[in-house]
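Input: a single structure, listed below in structure tokens.
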Protein chains: 2
Amino acid sequence: MNIGDVSSRSGLPAKTIRYYEDIGLIKPHRSANGYRCFAETDLHKLAFLGRARALGFTIEDCRTLMALYEDESRASADVKQLALEHLAKIEEKIADLQAMHDTLGELVKCCAGDSRPDCPILKDLSGES
Amino acid sequence: MNIGDVSSRSGLPAKTIRYYEDIGLIKPHRSANGYRCFAETDLHKLAFLGRARALGFTIEDCRTLMALYEDESRASADVKQLALEHLAKIEEKIADLQAMHDTLGELVKCCAGDSRPDCPILKDLSGES
DNA sequence: ATGAGGGTTCCAGCGAGGGGAAGGTCAAGG
DNA sequence: CCTTGACCTTCCCCTCGCTGGAACCCTCAT
């Protein structure tokens, strides 16, 4: 398979696939003409990576997850720990965003949103509380 | 005021303050020795920027907000619209993160997390559903 | 022969700064 | 007077996960 086929079958842009090779996540062979030559296992790995990235795992997490996946003697505890740490980071981000949302939501609610210059949002940002 | 004073009084790192000057958000004067020389108004602007950034506004949003703040004849509607757009982006991010959280949470719940290699998380990532 | 539509490499850039080097300036202490 | 240490300056590279584009090569159909 050439990169275009792998791209459409995995849903990942060709650029991303080249990048993943660059950083050593996959190691496709090369044809005589220099083109990357992907096997089914490469496609499978790329799909794995796509799903892991979609769950928000970092590239380094993905590297670890792939290694665990390929290690037949892994302990599921290691996978679970990684997932739990990631889950905690997600929760933290949600909490941060939620705090912003609440604060900004309050300010927005207090803003008339008309043609007058009076604005509680700007007032808050400027420090007049 | 030198940059160190402004930094400690605004809570922003000196690097960030120099960066904000670089991209034209503030324009401190210079002393004879080449040091940046901040007035109270600069400090005030930096505090404004700090609060806007803490609410998750992008630098470009901050630029617009500052312009609105300094425009005595602004319409609060313009501020509110910017805030509402930002609020929508925040909500979108929260929704994305929440979806990840839910999916990953389910997988984690199903994973024994012991010394055996069997792992529903890896199973899901590998596409065996 | 030529054009379209693959593929390849390499370089630059995004946002919002952070790290650190190399050097100038200033006040206090010996 | 000299030095030390704490500031300040500019400059350039690094982050993360790609993305865009330039310049070039390969293959097949017309």
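First the proteins, then the strands, lettered A, B, ... as listed; each starts at 1. Just so you know, these numbers use all the heavy atoms, side chains as well, and skip hydrogens, waters and symmetry mates. A quick note: this is a predicted structure, and the numbers were derived from the prediction, not measured.
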task: Tell me, please, which residues at least two apart from B:E40 pass salt bridge (charged side-chain N to carboxylate O under 4.0 Å, His left out).
output: B:R9
field: Listed partners of A:E60 passing salt bridge (charged side-chain N to carboxylate O under 4.0 Å, His left out), at least two apart
entry: A:R63
B:K93, B:E91, B:K89 screened by side-chain contact (heavy atoms from CB on, under 4.5 Å) with A:L97, the one that passes: B:K93
Please tabulate, one pair per line, all N/O donor-acceptor pairs under 3.5 Å involving side-chain atoms of residues 106-113 of chain A, not counting sequence neighbours.
from, atom 1, to, atom 2, distance (Å)
A:E106, OE2, A:K109, NZ, 3.2

message: Taking side chain to side chain donor-acceptor pair (under 3.5 Å) as the definition, give me every residue that meets it alongside A:D102, ordered by chain and number, with sequence neighbours left out.
response: A:Q98
- prompt: Does anyone know the first and last nucleotide of DNA chain D in reach of chain A, 5' to 3', at under 4.0 angstrom to a heavy atom?
  reply: D:dG17 to D:dT27
- request: Scan residues 45-103 of chain B for pairs that pass ring-ring contact (aromatic ring centres under 6.0 Å, His included), counting only residues two or more places apart or in two chains.
  value: B:F48-B:Y69, B:F57-B:H86
Side chains of [X] and [Y]: does their closest heavy-atom pair fall under 4.5 Å?
{"X": "B:Y20", "Y": "B:L46", "value": "yes"}
{"X": "A:L25", "Y": "A:K45", "value": "no"}
{"X": "A:R53", "Y": "A:C62", "value": "yes"}
{"X": "B:V79", "Y": "A:C119", "value": "yes"}
{"X": "B:D118", "Y": "B:K123", "value": "yes"}
{"X": "A:L125", "Y": "B:L55", "value": "yes"}
{"X": "B:F38", "Y": "B:L43", "value": "no"}
{"X": "B:D114", "Y": "A:S76", "value": "yes"}

- prompt: Of all nucleotides in DNA chain C with an atom under 4.0 Å from a non-hydrogen atom of chain A, which is the first and which the last going 5' to 3'?
  reply: C:dG6 to C:dC10
message: When the axes are fitted on five pairs at both termini, how much does the helix from C:dA1-D:dT30 to C:dG30-D:dC1 curve, in 10° steps?
response: 40°
Residues within [range] bordering DNA chain C, heavy-atom distance below 4.0 Å:
{"range": "residues 4-29 of chain A", "value": "A:G4, A:K15, A:R18"}
{"range": "residues 94-104 of chain A", "value": "none"}
{"range": "residues 55-64 of chain A", "value": "none"}

task: Check step by step if side-chain contact (heavy atoms from CB on, under 4.5 Å) holds for B:S7 and B:I17.
output: CA-CA 7 Å; B:S7 172; B:I17 297 173; 4.0 Å; yes
message: Looking at every heavy atom in both B:A52 and B:L65, which two are closest together, and how far apart are they?
response: CB-CD1, 4.3 Å
statement: So the salt bridge (Lys or Arg N to Asp or Glu O under 4.0 Å) pairs with at least one residue in residues 26-39 of chain B (sequence neighbours excluded) are B:E21-B:R30, B:E21-B:R36
